[in-house]
Amino acid sequence: MNFSLQLLSVGYICSVAPMMEWTDKHYRTVARIISKHAWLYTEMLAAETIVYQQGNLDRFLAFPSEQHPIVLQIGGNNLDNIAKATQLANAYGFDEINLNCGCPSAKVAGHGCFGARLMLDPKFVSEAMSVIAANTDVPVSVKCRIGVDDHDSYNELCDFIYKVSSLSPTKHFIIHSRKAMLNGISPADNRRIPPLKYEYYYALLRDFPDLRFTINGGIDCVDEVNAALREGAHGVMVGRAAYNNLWNTLAHVDSAVYGEPSSGLTRRQVLEQYQVYGDAVLGTYGNNRPNMRELIRPLSGFFYAEPGNSLWKRKADAAFLNKNITTVKSFFEETLVVIPDAVLDSPVAELPSGRKDLFANVRGLLPPPYETRTEEVVVYAQS
C-alpha cells in the first residue's frame, strides 16, 4: 500500500497545527466538538517542562478521551530530557509524538537552541527521534521548515530529510513550506516574509516515495485543503485559519475532506457542549486556573465576519470583569444576547471558495531531483 492510501486509511489527511498559547486543551475541546476527524496537536511543550513538572503533569498533558486523535509536540535539545519526557507522556495515551524543528522564535531557536535551529543539525535530530521512538510505542514525526536562513536550497532540505529518515525510524515529516529566518524577525513575520515554496514539498513526494509528508503553510480554508490533496499531498495541516475562523474552517472538515454526511451541528449546540466542559474545569488547577478568560479565548474566532461579532467581543471583555459572572453558563447568558438567533441556530454555510491559483503550475516549478549522498550515513536498522 502506498503512503497516500495509508494516510487515508488512518485518517491523517487533515490536521490543525500546533500553535503556542493557542492549541491548548480548551481550544482542542471546542475543535473536537466541531470536527470529529481532524487530527489535533498540543502546543509545543519543552521536554524540560515535562521533566521538571512531574508533580503537575495533568495540567500539561491530560486531555479528555474525546480529543483523540491527538499528537503531542515536544521541543528540546537534551537527549536525556527528551527521553524522560517521552516516558512520562506515555501514560497519557497520545496517538503520535512530534519533534518541533520549525519554530523560529528567538526564545526557542535563539536562546533555547532548538526549534528551527535543529534543522542545521540533522545528526542530533536523528538521535532525538531514535530516543523518542525507543521510549514510546506510538508513531513519531518531525515538523520542520524548508530551510533556515541561507541554508535554504532544495538539496539542503533533502539532505536533512534523508539523514533523519535514514538514521532514525522517522517516516513522517510535516513540512512548513517557508524557510525560517533566525535574524531576529518575529514569529509573525516568519509566517509572512519568507515566500511559500510549495514546489519543494511536492518535490519531496517525488524524491522520497517511501516517506509520508504533510503540507503546512498558507492554507487558509478547507477548499484549499482539498486543492492540496488533489495535487497529491499525503496530508494537509491548517494553521491560524483553524483558530481565527474556527467555525467556518473546522465545521467543513468532516464532510468536505472526510466525506462524512453533514452533522447539521449549529453554533448554539457547540456552545452548549463547550459550556458543560468549561464549567467542569473552571478553577480546577488551583489559583483560579483555568480562569474564564482562558476558557473563552478559543472562541475569539467563533463568530468571525458574522453580525454581532464585534459587539460580542466587547460584551465578553466587560463580562470578564463582572464578579457576578462565575460560570461559563452565566457568561454565555450575559454575552450571547447580541448574536442573532440566525447565526446561532444555522448549520455551517456552504464551503467557502479558496484561492484557485494556490498550487498553479507547482509541478512546473519542481527543482531537479535530489541525488542521495549515500556515503554520508549508515541507514537506520529497525530491530
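Because the structure is predicted, anything quoted here is derived from the model rather than measured.
For Arg178 (side chain) and Ile146 (main-chain N/O), no donor-acceptor pair under 3.5 Å exists by modelled atom type. A distance-only check finds no donor-acceptor pair linking the side chain of His234 to the backbone of Arg212 [under 3.5 Å]. Side-chain atoms of Asn287 never come within 3.5 Å of backbone atoms of Arg289 as a donor-acceptor pair (strictly under, hydrogens ignored). Listed for the Gln53 side chain is no donor-acceptor partner under 3.5 Å among the backbone atoms of Ile50. Of the possible donor and acceptor atoms, one in the side chain of Arg32 sits under 3.5 Å from a partner among the backbone N and O of Gln67. Between the side chain of Glu294 and the backbone N or O of Asn291, at least one donor-acceptor pair lies under 3.5 Å. Looking only at distances, a side-chain donor or acceptor of Ser165 sits under 3.5 Å from a matching main-chain atom of Tyr162. In this structure a side-chain-to-backbone donor-acceptor pair under 3.5 Å is present from Ser168 to Val164. Judged by distance alone, with hydrogens and angles left aside, the side-chain atoms of Asn135 form a donor-acceptor pair with the main-chain N or O of Val131 at under 3.5 Å. One N or O on the side chain of Ser330 and one on the backbone of Thr327 form a donor-acceptor pair closer than 3.5 Å.
The two residues Pro64 and Lys25 come nearest to each other via the heavy atoms CD-CG, 4.2 Å. Nearest heavy atoms, Gly232 versus Leu205: O-CD1, 3.4 Å. Annotation for Pro307 and Val343: closest pair CD-CG2, 4.0 Å, computed over non-hydrogen atoms. Looking at every heavy atom in both residues, Leu295 comes nearest to Gly278 through CD1-O, 3.6 Å. Of all non-hydrogen atoms in Ala89 and Phe94, the two that sit nearest each other are O-CD1, 4.0 Å. When all heavy atoms of Ala38 and Ser35 are compared, the closest pair comes out as N-OG, 3.1 Å.
The hydrophobic clustering, which links ILVMFWY residues whose side-chain heavy atoms are closer than 4.5 Å, places Val276 and Tyr27 apart. Taking hydrophobic clusters as Ile, Leu, Val, Met, Phe, Trp and Tyr residues chained together by side-chain heavy-atom distances below 4.5 Å, Leu365 does not share a cluster with Tyr198. When the side chains of ILVMFWY residues are joined at heavy-atom separations under 4.5 Å, either directly or via intervening members, Tyr285 and Phe63 end up in two distinct hydrophobic clusters.
A distance of 11.0 Å separates CD1 of Ile82 from OG of Ser130, quoted to the nearest 0.5 Å. For the atom pair CD (Glu96) and CD1 (Ile70), the distance works out to 11.5 Å, reported to the nearest 0.5 Å. Note that OG of Ser126 and CG of Asp121 are 8.0 Å apart. Values are rounded to the nearest 0.5 Å. For the atom pair NZ (Lys179) and CG (Leu196), the distance works out to 13.0 Å, reported to the nearest 0.5 Å. For the atom pair SG of Cys158 and CG of Asp207, the computed distance is 5.5 Å after rounding to the nearest 0.5 Å. Between atom CD1 of residue Ile34 and atom OH of residue Tyr274 there is a gap of 10.5 Å, rounded to the nearest 0.5 Å.
Between Met129 and Val142, some side-chain heavy-atom pair lies under the 4.5 Å cut-off. Asp317 places none of its side-chain heavy atoms less than 4.5 Å from the side chain of Arg314. Residues Met20 and Thr23 are not in side-chain contact: their nearest non-hydrogen atoms beyond the backbone lie 4.5 Å or more apart. Ile74 places none of its side-chain heavy atoms less than 4.5 Å from the side chain of Asn98. Two residues are said to be in side-chain contact when any heavy atoms from C-beta on lie closer than 4.5 Å; Glu306 and Arg267 meet this criterion. Proximity of Val236 to Ile13: side-chain heavy atoms (C-beta onward) are nowhere separated by under 4.5 Å. Residues Ile175 and Cys144 meet the side-chain proximity criterion, which asks for heavy atoms closer than 4.5 Å. Asp149 is listed as a side-chain neighbour of Met181, based on a closest heavy-atom distance under 4.5 Å.
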Under 3.5 Å donor-acceptor pairs involving side-chain atoms of residues 41-49, not counting sequence neighbours:
{"unit_1": "Tyr41", "atom_1": "OH", "unit_2": "Tyr12", "atom_2": "OH", "d": "2.2"}
{"unit_1": "Thr42", "atom_1": "OG1", "unit_2": "Gln73", "atom_2": "N", "d": "3.1"}
{"unit_1": "Glu43", "atom_1": "OE1", "unit_2": "Glu21", "atom_2": "N", "d": "2.5"}
{"unit_1": "Glu48", "atom_1": "OE2", "unit_2": "Asn81", "atom_2": "ND2", "d": "3.1"}

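Using a 4.5 Å cut-off between side-chain heavy atoms of Ile, Leu, Val, Met, Phe, Trp and Tyr, Val51 falls into a hydrophobic cluster with Tyr52.
In this structure, Phe213 has its ring center at least 6.0 angstrom away from the ring center of Tyr202. If you look at Phe208 and Tyr370, their ring centroids are closer than 6.0 Å.
The residues Arg363 and Glu199 are annotated as not salt-bridged, no charged nitrogen and carboxylate oxygen being separated by less than 4.0 angstrom. Contact check on Lys36 versus Asp254 returns no salt bridge, with no Lys/Arg side-chain nitrogen under 4.0 Å from an Asp/Glu carboxylate oxygen.
Counting heavy-atom neighbours within 6.0 Å of Lys329 NZ, excluding the residue itself, gives a total of 12 or less. When the shell of 6.0 Å around CG of Asn361 is examined, it contains more than 12 heavy atoms from other residues, nucleotides or ligands. A 6.0 Å sphere centred on OH of Tyr304 holds no more than 12 heavy atoms belonging to other residues, nucleotides or ligands.
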Show your working on side chain to side chain contact (heavy atoms under 4.5 Å, CB included) between Val16 and Val238 and close with a plain yes or no.
CA-CA 5 Å; Val16 176; Val238 180; 5.6 Å; no
Begin with the C-alpha distance, continue with both residues' side-chain angles, and end with the deciding distance and a verdict on salt bridge (Lys or Arg N to Asp or Glu O under 4.0 Å) for Arg297 and Asp24.
CA-CA 10 Å; Arg297 183 172 56 194; Asp24 59 14; 3.4 Å; yes
Give the C-alpha distance, both sets of side-chain angles, the deciding distance and a yes or no for salt bridge (Lys or Arg N to Asp or Glu O under 4.0 Å) between Arg145 and Asp152.
CA-CA 9 Å; Arg145 295 275 182 138; Asp152 59 354; over 6 Å; no
Evaluate the criterion side chain to side chain contact (heavy atoms under 4.5 Å, CB included) for residue pair Glu231 and Val362; output intermediate values, then yes/no.
CA-CA 9 Å; Glu231 195 60 45; Val362 69; 3.8 Å; yes
Going through the distances and angles, do Leu157 and Leu204 end up as a side chain to side chain contact (heavy atoms under 4.5 Å, CB included)?
CA-CA 9 Å; Leu157 171 62; Leu204 291 174; 3.9 Å; yes
Candidate pair Ile215 and Ser177, rule side chain to side chain contact (heavy atoms under 4.5 Å, CB included), full reasoning:
CA-CA 7 Å; Ile215 190 170; Ser177 301; 3.8 Å; yes
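For Tyr154, the ring-ring contact (aromatic ring centres under 6.0 Å, His included) test picks out Tyr200, with sequence neighbours left out. When the side chain to side chain contact (heavy atoms under 4.5 Å, CB included) test is applied to Met292, the partners found at least two apart in sequence or on another chain are Leu282, Ile296, Phe320, Ile325, Val328, Phe331. Taking Asp220 as the reference, Arg355 meet the side-chain hydrogen bond (donor to acceptor under 3.5 Å, both in side chains) condition, with sequence neighbours excluded. For Lys123, the side-chain hydrogen bond (donor to acceptor under 3.5 Å, both in side chains) partners are Glu127, not counting sequence neighbours.
Asp223 and Asn226 are not linked by any side-chain donor-acceptor pair at a separation below 3.5 angstrom, with hydrogens and angles left out of the test. A donor atom on one side chain and an acceptor atom on the other are not found under 3.5 Å apart for Asn216 and Tyr201.
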